[in-house]
Amino acid sequence: GMYSGLTLGKYQIQGLLGKGGMGEVYLGSDGSRTAAIKALPGAIAGEHYARFSREARLTLSLDHPNIVKMHEYGEEHGTAYMVMEYIQGEDLSKLIKTRGCLPLETARPYLQQVAAALDYAHAAGFIHRDIKPSNIMLRPAPDGSQQAVLMDFGVAKMTDSQSLLTGSGVVGTIDYMAPEQIKEAGTVDRRADIYALGLVTYELLTGTRPFKGNVAQVMFMHLQQPVPDPRDHQPDLSGQTADAILRALEKDPAVRYATAGEFVAALG
């Protein structure tokens, strides 16, 4: 990483934790607190700075135990950066790769926690629009369990905003994108997040995504193809669980659950 060994604000930058579509994430410390530092290289700051700073302000306004905590953000030497709590653990995508799939009893606490985070964000007027396993971190909880933490509001939408930053074009990750989000990303509401949570649940309980292929194929499947019954991949699932997942993945948003919590409760 280009910032390793440098200083941003009061934080000494250490190793690179990962890269994404909007910057690099580093481990950093101010001497008393270890944090995750998301840095936007100066070479692309002009193109992405408005969205980057918007993500920082948005995350700073949210206060929920299952949403990553933002400490501060700023600029230095032409670099925009945000300082977030460092989540020590693995993301849900790595858990799926390691375990294949989880029984509902094991997965339920994670899903309940993500649903609680989403319902809180939705009530505050934000739609995440990029719910996927790699944006859900698992960290150790005091009781020895693992706690799910929702990350990355980089493509979130304010429900009362007409901002051109998110008002047009396809934004999000195609494998977990609702049909209406593919058609017109600027008009989605909380039910797009519920669709994405349905896809995460499908993958978590079966070990596979319902739609696979290249970008064009997956896009077409989200728009037109019926979702395969999750019991085709995991016969041990109950009819109640399968039906709840399939309802969350309805093409018509009006048929889906009204809240993420209602969906997870319906799983059984």
Side-chain angles (χ1 to χ4, degrees), residues 1-98 110 113-114 117 121 126 128-142 144 146-156 163 165-166 171-176:
M2 64 185 294
Y3 295 103
S4 294
L6 302 180
T7 300
L8 288 175
K10 61 185 179 180
Y11 289 86
Q12 180 71 30
I13 305 301
Q14 300 170 12
L16 181 69
L17 294 174
K19 297 183 179 183
M22 197 162 52
E24 301 173 335
V25 181
Y26 294 83
L27 187 66
S29 174
D30 66 354
S32 61
R33 176 164 62 193
T34 298
I37 316 293
K38 190 179 214 180
L40 183 68
I44 60 170
E47 180 184 353
H48 294 297
Y49 175 70
R51 180 170 285 175
F52 186 89
S53 60
R54 182 177 176 273
E55 176 190 354
R57 292 193 304 273
L58 190 160
T59 309
L60 194 63
S61 73
L62 299 175
D63 184 13
H64 189 276
N66 301 111
I67 295 176
V68 64
K69 180 66 178 174
M70 171 72 67
H71 297 310
E72 58 186 278
Y73 69 100
E75 287 182 70
E76 187 164 313
H77 309 307
T79 296
Y81 65 91
M82 60 180 80
V83 182
M84 301 169 289
E85 66 175 318
Y86 172 54
I87 307 295
Q88 190 167 12
E90 63 179 2
D91 64 46
L92 204 56
S93 67
K94 292 180 181 177
L95 182 67
I96 294 170
K97 289 177 183 177
T98 302
Y110 305 146
Q113 291 161 13
V114 174
F126 301 113
H128 190 284
R129 298 203 299 180
D130 200 19
I131 304 299
K132 56 186 177 182
S134 61
N135 274 343
I136 300 168
M137 292 291 294
L138 302 176
R139 67 177 168 195
Q146 287 184 306
Q147 181 185 41
V149 182
L150 184 59
M151 311 287 288
D152 201 350
F153 280 78
V155 297
S163 170
L165 291 177
T166 56
V171 293
T173 304
I174 195 67
D175 287 320
Y176 303 93

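Note that the structure is a prediction, hence the values are computed from the model and not measured.
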Asks: The test is side chain to side chain donor-acceptor pair (under 3.5 Å); show your working for Tyr11 and Arg33 and say whether it passes.
Replies: CA-CA 9 Å; Tyr11 289 86; Arg33 176 164 62 193; 3.2 Å; yes

Asks: Closest heavy-atom contact between Leu92 and Leu138?
Replies: CD1-CD1, 3.8 Å

Asks: Ignoring hydrogens and angles, tell me if any N or O in the side chain of Glu72 forms a donor-acceptor pair with the backbone of Val83 under 3.5 Å.
Replies: no

Asks: What distance do Ile87 atom CD1 and Leu17 atom CG have between them, rounded to the nearest 0.5 Å?
Replies: 11.5 Å

Asks: How long is the straight-line distance from CE of Met70 back to CD of Glu85, given to the nearest 0.5 Å?
Replies: 10.5 Å

Asks: Just how far is it from atom OH of Tyr81 to atom NZ of Lys38, taken to the nearest 0.5 Å?
Replies: 15.5 Å

Asks: Looking only at heavy atoms, which two atoms of Val25 and Ala36 are closest? And how far apart?
Replies: CG1-CB, 4.1 Å

Asks: By the definition side-chain contact (heavy atoms from CB on, under 4.5 Å), identify the one residue from Val68, Ile136, Asn66, Leu62 that meets it with Leu150.
Replies: Ile136

Asks: Please report the interatomic distance CZ(Arg139) to CD(Gln88), rounded to the nearest 0.5 Å.
Replies: 11.5 Å

Asks: Strictly by modelled atom types, are Ser134 and Asp91 linked by a side-chain donor-acceptor pair under 3.5 Å?
Replies: no

Asks: With distance as the sole test, does Gln14 use its side chain to make a donor-acceptor pair with the main-chain N or O of Leu27 at under 3.5 Å?
Replies: no

Asks: Do any N or O atoms from the side chain of Tyr26 and from the backbone of Met2 form a donor-acceptor pair under 3.5 angstrom?
Replies: yes

Asks: Could you give the distance from CD (Gln12) to OG1 (Thr7), rounded to the nearest 0.5 Å?
Replies: 4.0 Å

